[in-house]
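For reference, the structure is listed below as structure tokens.
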Amino acid sequence: MSRKTILHMLTPLRQMSPFDVNMALDAGYDATIPYTGVELSDVGNLVQDAIFSRPPDAGVATGIFIAGKDALLALDMVEAARSAMVPPFEISVFADPAGSFTTAAAMVAKVEKALAKHHGRDLRDTNIAIFGATGVVGYCTAVITAEHGANVTLVGHDGVERVNSIAATIKQRFNVTVETADGSTEENKQKVLAQAQVVLAAAKAGVQVISAAQLGEAGKLLVAADVNAVPPAGIEGVKVNANGDPIDATRAVALGPLSIGNVKYKTQAGLFQQMIQATKPVIFDFRDAFTLARDLAK
Ligand SMILES: NC(=O)c1ccc[n+]([C@@H]2O[C@H](COP(=O)([O-])OP(=O)(O)OC[C@H]3O[C@@H](n4cnc5c(N)ncnc54)[C@H](OP(=O)(O)O)[C@@H]3O)[C@@H](O)[C@H]2O)c1
């Protein structure tokens, strides 16, 4: 018997993201149901409510999506959902808070491809500076790149205190070390850029964090990537659809938000489709997003 595919979409915020609802329905779910204001302690009960209402063989047609704007809370919710399963009553789970897991995965996959294609190297031992590092996309980008051997620096736009605390949570949770830097003045940013081989801009939409002049003086730069699609660009001069375009006066190439967004979109859609088509329940976080984004990035 063909079962309806149902996606229960949980967020700790006041509203579920229409972006995620559209993505899930377009990927093929028959029904998506938003649950807002969900706390970590609610997740177990919601999952058990979902698993026991359908026979075990329908578990694979039942999904939980975890949204919000906090990577660690989303990962804690994934663990709470995992612990609430009562085999053989199990369902699929996918976390992508504020699109950050798929966006970070897409940005890093595109950077990895550009490093290989234009500079014959990979992420390992590459100096990566992340601007917008206190945001959820920046956080996840830091974890993925550090887990793949890069020398990662979180650049704090308001000093080092907050990025130091984020670096400590990354060490505790993922056992990888990331450095921090004060990016609160133009002079300090320039010092970071002087050492960076890859610059990733994950700052708030519509905020320019790096000028073209600063980029021009980044002597070791190989790749600059920007995920902000709202003018002005996060990195001045990086066009929205840049896809390995040369950057003036450097040997670096640029990646813009629409070429990264194209892989992000396909990654999120692809993970929903994998959930729908799976023969056994699956659990996806940013690592699965990065695996798929690597296949999709060109
Ligand atoms: N291309 C795509 O497919 C795609 C998909 C999803 C998201 N995005 C974009 O990805 C970016 C990051 O998303 P997010 O959800 O992590 O964003 P966010 O939470 O709004 O902010 C990201 C970072 O920007 C910082 N910031 C705020 N004002 C700043 C300023 N004046 N100067 C420097 N940094 C500043 C924030 O610092 P505080 O912590 O102090 O606020 C935070 O570190 C956004 O531009 C978003 O539009 C792109």
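Numbering of ligands and ligand atoms starts at 1, following listing order.
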Give a yes or no on whether the backbone of Q214 and the side-chain of Q190 come within a donor-acceptor separation of less than 3.5 Å.
-> yes
Within the side chain of N22, is there an N or O that forms a donor-acceptor pair under 3.5 Å with the backbone of F19?
-> no
Crowding at CG, D122 (>12 non-hydrogen neighbours, <6.0 Å) | yes
Under a 4.5 Å cut-off applied to non-hydrogen side-chain atoms, are F290 and E112 in contact?
-> yes
Considering [options], which one's heavy-atom position lies nearest to [atom]?
| atom | options | value |
| --- | --- | --- |
| atom 19 (O) of ligand 1 | R162, K69, K204 | K69 |
| atom 30 (C) of ligand 1 | D226, V230, V155, V207 | V207 |
| atom 33 (C) of ligand 1 | L258, V240, V209, T141 | V209 |
| atom 2 (C) of ligand 1 | L154, V227, D158, N262 | V227 |

Between F272 and F65, does the ring centre distance come in under 6.0 Å?
-> yes
Do [X] and [Y] sit in one hydrophobic cluster, given that two such residues count as connected whenever their side-chain heavy atoms are within less than 4.5 Å of each other, even indirectly?
| X | Y | value |
| --- | --- | --- |
| I235 | V230 | no |
| V21 | I33 | no |
| L46 | V78 | yes |

Do any nitrogen or oxygen atoms of [X] lie less than 3.5 angstrom from nitrogen or oxygen atoms of ligand 1?
| X | answer |
| --- | --- |
| A205 | yes |
| V136 | yes |
| G99 | no |
| T134 | yes |
| I260 | no |

Short N-O contact, [X] and [Y], less than 4.0 angstrom:
| X | Y | answer |
| --- | --- | --- |
| D57 | R3 | yes |
| R287 | E147 | yes |
| R173 | D76 | yes |

What atoms in ligand 1 come closer than 4.0 Å to a heavy atom of A202?
-> 11 (C), 12 (C), 22 (C), 23 (C)
Numbered atoms of ligand 1 (with element) below 4.0 Å of N228, judged on heavy atoms | 45 (O)
Considering only protein heavy atoms, which is closest to [atom], and at what distance to one decimal place?
| atom | answer |
| --- | --- |
| atom 3 (O) of ligand 1 | G261 CA, 3.3 Å |
| atom 40 (O) of ligand 1 | H157 NE2, 2.7 Å |
| atom 5 (C) of ligand 1 | T103 OG1, 3.1 Å |
| atom 11 (C) of ligand 1 | A203 O, 3.3 Å |
| atom 13 (O) of ligand 1 | V137 CG2, 3.4 Å |

Non-hydrogen protein atom less than 4.0 angstrom from atom 46 (C) of ligand 1 | no
Can you find a protein heavy atom closer to atom 43 (O) of ligand 1 than 4.0 Å?
-> yes
